[in-house]
Amino acid sequence: QVRLVESGGGLVQAGGSLRLSCAASGRTFSSYVMGWFRQAPGKEREFVAAISRSGGSTRYADPVKGRFTISRDNVKNTVYLQMNNLQPEDTADYYCAPSSRFSLPSNQNEYLYWGQGTQVTVSS
């Protein structure tokens with residue numbers, strides 16, 4: 001099993017940027033599709049982005065397209081989420097998760113387990 005630790009969250013003004021990291025333990029990191037999800041207060045967890053095992057394919061939720069970039073480093077066992085032009089509606093706890101699917105699923109039920117999350121707050 002891969003253990004996950006997210007970091008990089010914080011408070012930023014609208015229009016600013018943050019880079020989230022998700023460090024995974026274990027030697028099977030590259031065997032998984034990796035996804036980022038977020039959960040705002042009072043709302044359900046929602047898909048943000050996913051990346052294939054090799055990093056060659058990515059998928060984004062419509063609200064973040066053109067602003068967020070997912071990437072991974074299979075040597076460092078880390079997946080990243082570069083977030084630019086952040087807006088108050090991006091305020092949420094952000095989580096990474098692995099999936100054993102061969103597609104890039106947006107359904108959280110297709111993901112195996114979750115890290116503890118990192119909080120992102122965007123002020124207007």
Do the side chains of [X] and [Y] join up, straight or via other hydrophobic residues, at under 4.5 Å, putting them in one cluster?
{"X": "F47", "Y": "Y32", "answer": "no"}
{"X": "V33", "Y": "L4", "answer": "no"}
{"X": "L112", "Y": "Y94", "answer": "yes"}
{"X": "V79", "Y": "Y95", "answer": "no"}

Which pairs pass disulfide (SG to SG under 2.5 Å) with one or both residues in residues 12-78, sequence neighbours excluded? C22-C96

Least distance between heavy atoms, [X] atom then [Y] atom:
{"X": "T78", "Y": "S21", "result": "CG2-CB, 4.2 Å"}
{"X": "N77", "Y": "N74", "result": "OD1-O, 3.1 Å"}
{"X": "S99", "Y": "R53", "result": "O-NH2, 4.0 Å"}
{"X": "W36", "Y": "L20", "result": "CH2-CB, 3.7 Å"}
{"X": "A40", "Y": "T91", "result": "CB-O, 3.6 Å"}
{"X": "I70", "Y": "M34", "result": "CD1-O, 3.9 Å"}

CZ of R45 to CD of Q108, rounded to nearest 0.5 Å, is 5.5 Å

Could you tell me the separation between the OG atom of S71 and the CG atom of L81, rounded to the nearest 0.5 Å? 8.5 Å

Option from S106, P105, S100 for which side-chain contact (heavy atoms from CB on, under 4.5 Å) with Y111 holds: P105

Start with the C-alpha gap between W114 and F37, add the side-chain angles, then the distance that decides, and say whether side chain to side chain contact (heavy atoms under 4.5 Å, CB included) holds. CA-CA 10 Å; W114 307 87; F37 285 73; 3.5 Å; yes

Do [X] and [Y] come within less than 4.5 Å of each other through their side chains, counting heavy atoms only?
{"X": "M83", "Y": "D90", "value": "no"}
{"X": "D73", "Y": "Y80", "value": "yes"}
{"X": "S123", "Y": "Q13", "value": "yes"}

Determine yes or no for a side-chain-to-main-chain donor-acceptor pair under 3.5 angstrom, with [X] supplying the side chain and [Y] the backbone.
{"X": "Q116", "Y": "E6", "value": "yes"}
{"X": "E46", "Y": "E44", "value": "no"}
{"X": "R38", "Y": "A92", "value": "no"}

Answer yes or no on whether [X] is positioned over the face of [Y], meaning its NZ or CZ is under 6.0 Å from the six-membered ring centre and within 45° of the axis.
{"X": "R3", "Y": "Y113", "answer": "no"}
{"X": "R67", "Y": "Y60", "answer": "no"}
{"X": "R72", "Y": "F29", "answer": "yes"}

